[in-house]
S.K.: 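Take this structure first; my questions come after.
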Amino acid sequence: MSISSQRWYVLILNTMMTLLLTDTCQHILPRLWQGLLAACLLSVSHLAFAQTATSESSATEQTAQPEAPSFFGGRAVTQAQDNSEAPVIEFQRRSIAPAIPVELPTKTAQLQQKNKTINPLTAEPEGSAIELSREDLLLLKKARYYIDRNWNDNTGLIDSVQGYSHATMWDVGSSIGAILALEHLGQYNEEKANAMLEKTIATLASFPLYRDKLPNRQYNTKTGNPSGSYSTNSTNGDGWSALDIGRLLIWLTITAEYKPELKPKITALLSTWDLERSVYKGTLYGEQKYKSSTSYRQEGRLGYLQYAAQGFAMQHLNVDEALGPKYSQQVFVDDYLLFIDIRNLPYFTTDPYVLQAIELGSHDVWWNQLDSLYEVQRDRYDHTRKLTIFAEDSLSQRPWFAYNNVHFYGKNWLSTSAGGKPIENGQMFSNKVAFGLSMLFKDSFSRLLYNTVVNNSVDHRSIPTGLYKPNSPNTAYNINTNSLILVSLWYKKRGYRPIWRYEAPLPLSESELAKSNK
């Protein structure tokens, strides 16, 4: 008997039972016959229910196993293992690898995207200064402790991770943001903040540049010398990251706007860098040196690319292709339609969208997915009761850094190493991104995010990175976590206004772009 037939059968039996219990039926039938008929109906009803449950269980078992997604066009992805022999890329969000054509799975079902009811910049009316709460001040104190403890007075650089005396240009940008935030939050006076920033700028100006062109991928925060395998070679390092430099350019520009007295030093610094070398055909390019070769390849994926490209746009460089949708495609993550990058190693986290909204403003551009990313993670919590905020973060255990991707090669909610290999121990909850979201949105979920960050931090001197799983802290204390929380508090104190509202020029049309390239 089919499931639908069984359900109709059960409905008829239930109706007969109901009639049996009516006053009319009980008056007509003798009590003995009423009892016998009721017993028969109950037995048949139980049998029908059992058959229905068995059939439904069988149907569920047949459809429970989804098809494994494609990875690099042919290898299945699982959280447990990855037999890839691809080389590990040691730099993180800075991956620059040749594009691999990927056939992404398409979803044929015509799902409807949910209505958007949240505006990220209307948490409170903009303009009026906001008083920080007791919990805000607690986090402010802890974040300042990280900055003070990991500041290197000889160089003006801050350790990227506590106990690791190295920093990338991305980390230096975070350090500058933290110093400015501490001044505007009343923790540093103007004299102290200026002295710290001047020291940082002076060290940037004295850096031995990679091939005398651009800053190396990372430097020792104690000495200011290049770090890495080729740090003592004539090349002064192993390459540069355009994404990292782009973030640093954003914060140097913000510094020049807030502190005009430092603008001449910043202008002089940038004049010594060959920034044009990082922009090719309207997008970002990085370079990496290997033992017997050097690669010069496109760098940056959706979200990270557009965010960092604005730093170069601020320096009047053409980044039209980087800001355009040429290499994007839409996929469904749960019931939400999101843009993804179709090139290889398409890391997809919430970080760049939060940085964009808090630092430069959440503009109505095609690639801004802040609302959808907030809602998909909120709805995931509503349905699973598991609190997850996916972001990139340092780890306190191997592999020491993870991209916790909302989507990666056809699979949703996948954690990977910096080289793109799936890992089991990815972080489930990022304190920095959760806190940023709690400043950008105002509903019960954002309040839950805020309270979780506070609770995660109570027993720590600095703000920890996040949670691997409930009650399992990730204690890789780092500059990016503590800086973003400081800048988010500054954003709040400014009346929920971006630190410096900036909107990059719109990309040229294809015809205009073709004409300009001739």
Side-chain angles (χ1 to χ4, degrees), residues 127 129 132 140 143-144 146-148 150-159 167-209 214-215 219 221 224 244-276 307-308 310-317 355-356 358-361 479-480 482-495 497-504:
L132 296 187
L140 172 56
R144 175 181 174 170
Y146 182 89
I147 305 304
D148 290 343
N150 293 280
W151 166 263
N152 292 274
D153 198 51
N154 290 333
T155 61
L157 301 178
I158 298 174
D159 295 349
T168 66
M169 295 304 99
W170 185 284
D171 302 324
V172 177
S174 295
S175 300
I176 292 173
I179 294 168
L180 286 170
L182 285 167
E183 178 187 357
H184 288 272
L185 292 168
Q187 296 294 301
Y188 291 166
N189 60 35
E190 184 179 5
E191 182 181 4
K192 178 179 177 66
N194 283 358
M196 294 176 75
L197 291 170
E198 285 179 354
K199 189 166 289 187
T200 302
I201 294 168
T203 294
L204 288 172
S206 67
F207 273 162
L209 300 179
L214 288 165
Y219 287 82
T221 55
D244 288 14
I245 293 172
R247 172 161 170 76
L248 177 56
L249 291 174
I250 288 172
W251 275 105
L252 287 172
T253 304
I254 292 174
T255 302
E257 292 295 323
Y258 273 87
K259 295 186 175 294
E261 66 274 23
L262 297 181
K263 188 170 184 176
K265 294 182 178 180
I266 293 171
T267 301
L269 162 69
L270 296 182
S271 70
T272 66
W273 294 358
D274 186 6
L275 294 176
E276 290 84 356
Y307 166 75
Q310 293 169 104
F312 291 92
M314 292 172 188
Q315 298 302 314
H316 312 293
L317 294 171
L355 294 174
Q356 173 69 32
I358 288 175
E359 296 172 5
L360 304 176
I479 181 60
N480 291 311
N482 288 274
S483 173
L484 181 49
I485 287 179
L486 286 172
V487 175
S488 297
L489 290 171
W490 183 15
Y491 168 89
K492 176 181 179 179
K493 188 174 180 180
R494 281 174 48 79
R497 287 184 297 146
I499 304 308
W500 184 60
R501 190 178 290 277
Y502 173 81
E503 190 163 2

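Numbering of residues begins at 1 and proceeds along the displayed sequence. From a predicted model like this one, the values you see are computed outputs, not experimental measurements.
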S.K.: Go through it in stages, so that I can follow the logic: the residues are Asn150 and Thr221, the test is side-chain contact (heavy atoms from CB on, under 4.5 Å), and I'd like the CA-CA distance, side-chain angles, deciding distance and then a yes or no.
M.R.: CA-CA 9 Å; Asn150 293 280; Thr221 55; over 6 Å; no
S.K.: Tell me, do Trp251 and Ile499 make a side-chain contact under 4.5 Å, heavy atoms counted?
M.R.: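 They are in side-chain contact.
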S.K.: To the nearest 0.5 Å, what is the distance between CD1 (Ile358) and NZ (Lys492)?
M.R.: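 Ile358 CD1 to Lys492 NZ: 12.5 Å, rounded to 0.5 Å.
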S.K.: Roughly how far, to the nearest 0.5 Å, is the CH2 atom of Trp151 from the CG atom of Asp159?
M.R.: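 That separation rounds to 11.5 Å.
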S.K.: Tell me, do Pro208 and Tyr219 make a side-chain contact under 4.5 Å, heavy atoms counted?
M.R.: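 The answer is yes; the side chains approach within 4.5 Å.
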S.K.: Take Asp148 and Tyr188 through the side-chain contact (heavy atoms from CB on, under 4.5 Å) test and state the conclusion after the steps.
M.R.: CA-CA 11 Å; Asp148 290 343; Tyr188 291 166; 2.5 Å; yes
S.K.: Does any non-hydrogen side-chain atom of Ile245 lie less than 4.5 Å from one of Leu249?
M.R.: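 Answer yes - side chains close enough.
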S.K.: Roughly how far apart are Thr255 OG1 and Lys265 NZ, rounded to 0.5 Å?
M.R.: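 Thr255 atom OG1 to Lys265 atom NZ measures 13.0 Å (nearest 0.5 Å).
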S.K.: Minimum heavy-atom separation for Arg501 to Gly361, with atom names?
M.R.: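 Arg501 and Gly361 have their closest heavy atoms at NH1-CA, 4.4 Å.
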S.K.: Does Arg144 reach the side chain of Leu185, with side-chain heavy atoms less than 4.5 Å apart?
M.R.: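 Result no, sub-4.5 Å side-chain heavy-atom pair not found.
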S.K.: With a 4.5 Å heavy-atom cut-off, do Ser174 and Arg247 have their side chains touching?
M.R.: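 SC-SC contact between Ser174 and Arg247 confirmed.
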S.K.: Nearest heavy-atom pair of Leu275 and Phe312: which atoms, and what distance?
M.R.: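 Closest approach of Leu275 to Phe312: O-CE2, 4.1 Å.
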S.K.: Under 6.0 Å between the ring centres of Trp490 and Tyr258?
M.R.: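 Yes; Tyr258 has its ring centre under 6.0 Å from that of Trp490.
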S.K.: Of all the heavy-atom pairs spanning Ile147 and Ile479, show the shortest one and how long it is.
M.R.: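 Distance-wise, the nearest heavy atoms are CD1-CD1, 3.4 Å.
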S.K.: Would you say the side chain of Tyr307 lies within less than 4.5 Å of the side chain of Ile250, judging by non-hydrogen atoms?
M.R.: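 Ile250 reaches Tyr307 side chain to side chain.
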S.K.: Evaluate side-chain contact (heavy atoms from CB on, under 4.5 Å) for Leu209 paired with Asp274, printing each intermediate quantity in order.
M.R.: CA-CA 10 Å; Leu209 300 179; Asp274 186 6; over 6 Å; no
S.K.: Could you report the tightest heavy-atom contact between Tyr502 and Ala313, atom names first, then the distance?
M.R.: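 Smallest interatomic distance, heavy atoms only, reads OH-CB, 3.5 Å.
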S.K.: Ignoring hydrogens, what is the shortest heavy-atom contact between Ala167 and Ile158? Give both atom names and the distance.
M.R.: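 For Ala167 and Ile158, the tightest heavy-atom pair comes out as CB-O, 3.8 Å.
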S.K.: Rounded to the nearest 0.5 Å, how far apart are CD of Gln187 and CG of Asn189?
M.R.: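 Here the interatomic distance stands at 11.5 Å.
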S.K.: Are the side chains of Trp273 and Gln315 in contact, using a 4.5 Å heavy-atom criterion?
M.R.: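 No; the side chains remain at least 4.5 Å from each other.
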S.K.: Are any non-hydrogen side-chain atoms of Ile485 and Leu140 less than 4.5 angstrom apart?
M.R.: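 With C-beta onward as the side chain, the pair stays apart.
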S.K.: Would Ser483 and Asn480 count as having a side-chain donor-acceptor pair, cut-off 3.5 Å?
M.R.: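 Judged by distance alone, the side chains do not pair up.
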S.K.: If you draw a 6.0 Å radius around CD in Glu191, do more than 12 non-hydrogen atoms from other residues or ligands fall strictly inside?
M.R.: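 Not more than 12 within 6.0 Å, no.
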S.K.: For Val172 and Thr200, work out which heavy atoms get closest and say how close.
M.R.: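 Heavy-atom minimum between the residues: CG1-CG2, 4.1 Å.
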S.K.: How long is the straight-line distance from NZ of Lys199 back to CG of Asn154, given to the nearest 0.5 Å?
M.R.: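 With rounding to 0.5 Å, CG (Asn154) is 7.0 Å from NZ (Lys199).
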S.K.: Charged N to carboxylate O below 4.0 Å: is that the case for Glu198 and Lys259?
M.R.: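 Here Glu198 does not pair with Lys259 in a salt bridge, since their nearest N and O are not under 4.0 Å apart.
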S.K.: Let me confirm one number: the NE2-CG distance from His184 to Leu486, rounded to the nearest 0.5 Å.
M.R.: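 Going from the NE2 atom of His184 to the CG atom of Leu486 covers 12.5 Å.
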S.K.: side-chain contact (heavy atoms from CB on, under 4.5 Å) between Ile176 and Ile254: does it pass, once the steps are laid out?
M.R.: CA-CA 9 Å; Ile176 292 173; Ile254 292 174; over 6 Å; no
